[in-house]
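Right, one structure below, let's go through it.
Every chain is numbered from 1 and lettered A, B, ... according to where its sequence line falls, protein lines coming before strand lines.
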Amino acid sequence: MLFNSIEFAIFFPVVTAIFFLLSQRWRVHFLLAASCLFYMAFIPVYILILLVTILIDYFAGIYLERVEDTKKKKALLWVSILSTCTVLFIFKYFGFFTGSFVGLADLLGWHLSRPMVSIILPIGLSFHTFQSLSYVVEVYRGNQKAERNFIVYATYVMFFPQLVAGPIERPQNLLHQFREWHPFDSVRVTSGLKRMAWGFFKKLVVADRLALYVNDVYGAPRNFNGLQLTLATLFFAYQIYCDFSGYTDIALGAAEVLGFHLMENFRTPYYSLSMSEFWKRWHISLSTWFRDYVYIPLGGNRVSKSRHIVNLLITFSVSGLWHGANWTYVLWGLLNGLYLVAGWLSKDWRERFYGAVGLHENTLARKTIMLLTTFALTCVAWILFRARNTSDALYVFTHLASSWNFHQIATQQFFLRQFPVAIAAILVLEIGQLWNTVASVPSLVSRMPVVARWALYASFVMTVVMFGVYKQMQFIYFQF
Amino acid sequence: MQNKDSFDLGFSQNTITASAEPPRPESAERRPAAVETAEPKPTVMLEPWKAVRRIACFFGLVVLLIFVMNAMITSGLRRLKTSAFGASNQIMDGKVNAQIVISGSSRALAHYDPRTIEAITGRTAFNLGRNGAQTDMQVAFLKAYLAHNQKPEIVVHNLDAFTFVTTREVFDPVEYTPYLYDRDLYSALGKINPKIWKSRYLPLYGYVVEDMNFTWVLGLKGFFGWSPPEDYFLGFNPRSKKWTDDFQNMKANNPHGVSFGIEPEGIRVVEDLIRVCRQNGIQLILVYSPEYAEMQSLTKNRAEVFGLFHELADHSSVPLWDYSDWKYAGNQELFQNSQHLNAAGAGIFSADLANRLKAYLAAQSKVGDMPVSSSATVSHAQD
């Protein structure tokens with residue numbers, strides 16, 4: 001079920017109402033049933049895959065706690081990780097790896113046929129797989145007690161607001177919340193609803209409108225001029241941010257309405273002054289997952305300089321592969337890793353440069369240069385992320401600056417009249433975010449008289465209704 | 001000091017504050033780090049039922065606004081006197097009542113100037129052509145016209161190479177949204193898109209979900225009395241553009257030519273058109289208006305399509321006027337693309353057709369009420 005669907009508009013109020021009317025004893029059962037219904041709205045039978053993952057890690061958690069012997073414990077952990085990852089591999093990476101193998105064999109002169117297996121990727125598989133893995137690792141490390149109540153554990157993996165695109169929760173943050181009593185708190189409920197409204201604005205008004213342009217251009221980049229390629233790349237930067245952070249806002253808002261706290265996933269990432277800062281503000285739940293379960297176990301930065309670089313590149317390449325079974329994602333991850341390495345290695349040189357030109361720390365000019373540089377580097381990386389294949393990505397890279405034609409900006413789906421709306425939507429987004437950095441907008445609004453406040457809220461909702469795009473476009477991150 | 005084991009390796013480590021660092025997982029005994037929220041929570045909390053009532057009131061207000069907005073947009077579009085909506089409004093309000101009616105696709109819309117036809121034939125005329133409409137939608141619109149206006153003497157129906165292809169997706173559905181109360185239109189649209197009920201019964205659905213062109217803005221402007229500049233003259237929408245790259249692009253994409261589908265349902269729709277005209281005592285004339293000459297040779301199954309045109313016309317004794325060999329069919333100056341004449345071409349063609357109509361009407365008046373024989377199925381060159 002998509003958040004931006006009529007089905008969800010009915011599902012969510014009904015689930016919320018029943019949830020608050022139920023006694024604590026039945027709430028978790030009800031949440032699990034609602035989450036199953038939510039997931040089965042996509043492809044019903046795929047809930048069995050989720051069940052397999054849940055069963056593996058549920059029993060793994062219990063046995064990991066029982067086993068005393070360190071070696072056995074470690075072996076059990078690996079069995080659990082490999083079993084869970086096998087499910088992920090079969091559904092997400094089988095075609096990719098066999099395709100790559102056949103391609104490589106072709107290069108070596110062995111002509112193999114590609115297996116004709118076409119598997120539809122279960123929605124959000126990577127998200128709930130990682131959430132499950134996080135549970136077993138935390139139980140193994142002793143940071144989390146094994147959950148013996150199957151219903152509670154299954155709800156932890158399947159909690160519908162974050163089931164298909166995160167945030168990838170840690171058991172320490174979420175599991176205990178299913179045992180707690182969540183009374184109806186009007187302040188919290190309205191706060192959650194406001195956050196959902198902001199998420200819908202990001203998704204429907206900004207992301208889905210920009211998607212019309214981006215899909216046209218990146219669908220056949222060779223049909224468009226340099227200006228259109230550049231605009232589509234800039235638009236994609238906003239599209240993916242608004243799509244994913246919009247989803248996150250709706251997810252966090254929906255959870256907040258029900259009384260649950262999920263972790264923040266974004267902190268205005270495009271205001272970052274460096275790539276390392278960007279990765280602390282972008283998809284935080286995934287970045288910290290890779291940090292805790294891949295980067296640090298590899299040795300992190302407590303190793304030699306060269307090994308540290310290798311650790312970073314491995315972590316980011318795997319992160320890229322997590323996003324999708326395509327070389328473009330691997331290269332995207334690798335490029336981001338290279339950005340961090342280059343930033344690290346050139347730090348002293350850049351400090352000297354800034355000093356030489358008189359751009360001292362905390363000056364507006366220096367911050368502006370850093371912000372724009374970071375944004376530009378991010379956009380360049382997004383080309384790899386969005387392109388259908390490496391050949392398209394290469395074409396976009398090499399044609400961004402060529403044959404700009406200001407008389408030919410529109411595309412088949414995105415007429416000229418849509419530009420003012422798209423630009424205005426981005427401006428509203430930026431103004432809202434900037435304003436929120438200096439003062440809490442919701443608290444300012446909450447101090448207004450009721451009539452003015454309601455007028456403002458109603459105008460905002462009507463703006464989303466009137467300027468939204470309702471093609472029921474899936475959230476980009478659902479495919480991961 | 002740099003935090004060990006973090007990704008903090010970038011351009012300006014000192015700009016990253018500690019608060020930007022996402023919380024690390026904590027031990028099972030400790031509570032999770034509080035989720036950072038920008039909003040300090042007010043201390044006043046409403047009683048649950050009071051809060052529920054208040055939330056329900058707010059959403060009630062929003063729903064009311066949606067209904068009001070929908071009514072304003074529909075009313076505004078129905079008030080327009082110019083543009084496509086102005087033409088449709090005249091039709092649906094029964095204000096046309098023309099003696100000669102032209103129906104068809106965008107080719108009809110852009111090729112037949114009723115002002116020229118009126119001047120030459122001395123009969124009132126109106127163009128019902130619809131952009132992006134296949135024959136099923138063209139016939140539905142003609143039926144809607146007949147339901148709201150007096151029966152015309154003559155219906156000139158423009159044929160296309162794709163006449164026997166039915167509609168897969170309604171082009172610009174918002175053009176029909178204000179008129180979904182019309183039974184024929186609604187039923188025709190329902191066959192193409194079973195979800196059309198949403199546009200009829202869910203407020204704003206037809207304007208914001210089905211339409212990407214902000215037609216609702218036009219509706220709101222219309223509600224406050226504004227009308228767009230007139231570009232529909234008795235339903236005729238001339239195209240000012242000169243020859244474009246469309247044809248060259250099409251040729252490049254289809255070097256071996258193109259074929260148009262012949263669907264049984266498409267044939268049935270043309271038969272339905274003939275039946276409707278006969279039942280209403282209307283003289284139907286099928287016209288294949290000019291098509292760019294080079295395109296004709298690129299249409300691989302043209303003979304098959306035209307064979308069917310002739311078969312249907314002969315079988316029903318309906319005249320078929322074929323302008324395939326129009327003397328200007330090779331003149332790019334008169335076309336916008338292979339299928340559409342520009343305004344200059346439409347002017348010449350409309351005069352040609354009007355003169356032929358005039359002669360035809362004169363001949364008809366001489367033979368009285370005798371049905372027109374299939375010998376009327378002649379090409380423009382023979383005329």
* Asked: Any side-chain heavy-atom pair from A:Gln413 and B:Met212 closer than 4.5 angstrom?
  -> no
* Taking all atoms of both residues into account, what is the closest heavy-atom pair of A:Met462 and B:Ile66, and its distance? -> SD-CG1, 3.8 Å
* Distance, nearest 0.5 Å, that separates NZ of B:Lys198 from CD1 of A:Ile6 -> 4.5 Å
* To do: Assess whether atom CD of B:Gln248 is packed by more than 12 heavy atoms of other residues, nucleotides or ligands within 6.0 Å.
  => yes
* Asked: What part of A:Val441 lies closer than 4.5 angstrom to a heavy atom of chain B: side chain, backbone, both or neither?
  -> neither
* Asked: More than 12 heavy atoms of other residues, nucleotides or ligands under 6.0 Å from CH2 of B:Trp226: is that the case?
  -> yes
* Residue selection (most heavy-atom pairs with chain B, distance under 4.5 Å) from A:Leu175, A:Val421, A:Thr190 -> A:Val421
* Least distance between heavy atoms, A:Arg417 atom then B:Phe214 atom -> O-CE1, 4.1 Å
* Which bit of A:Tyr457 is near chain B, if near means a heavy-atom gap under 4.5 Å: side chain, backbone, both or neither? -> both
* To do: Measure the spacing between CD of B:Glu47 and CZ of A:Phe184 and express it to the nearest 0.5 Å.
  => 11.5 Å
* Asked: Looking at B:Asn213, B:Val52, B:Leu202, B:Val217, which makes the most heavy-atom pairs under 4.5 Å with chain A?
  -> B:Asn213
* Asked: Less than 4.5 Å apart, any side-chain heavy atom of B:Phe59 and any of A:Leu193?
  -> yes
* Given that the side chain runs from C-beta out, which part of A:Ser285 has a heavy atom under 4.5 Å from chain B: side chain, backbone, both or neither? -> neither
* Asked: Side chain, backbone, both or neither: which part of B:Leu65 has a non-hydrogen atom closer than 4.5 Å to chain A?
  -> both
* Asked: Taking only residues two or more places apart in sequence or in another chain, which ones pass side-chain contact (heavy atoms from CB on, under 4.5 Å) with B:Ala343?
  -> B:Pro238
* Asked: When rounded to the nearest 0.5 angstrom, what distance separates CG in B:Leu220 from CE in A:Met466?
  -> 6.0 Å
* Nearest heavy atoms of B:Leu61 and A:Trp454, plus distance in Å -> CD2-CE3, 4.1 Å
* Can you say whether A:Val465 sits under 4.5 Å from chain B via the side chain, the backbone, both, or neither, judging by heavy atoms? -> both
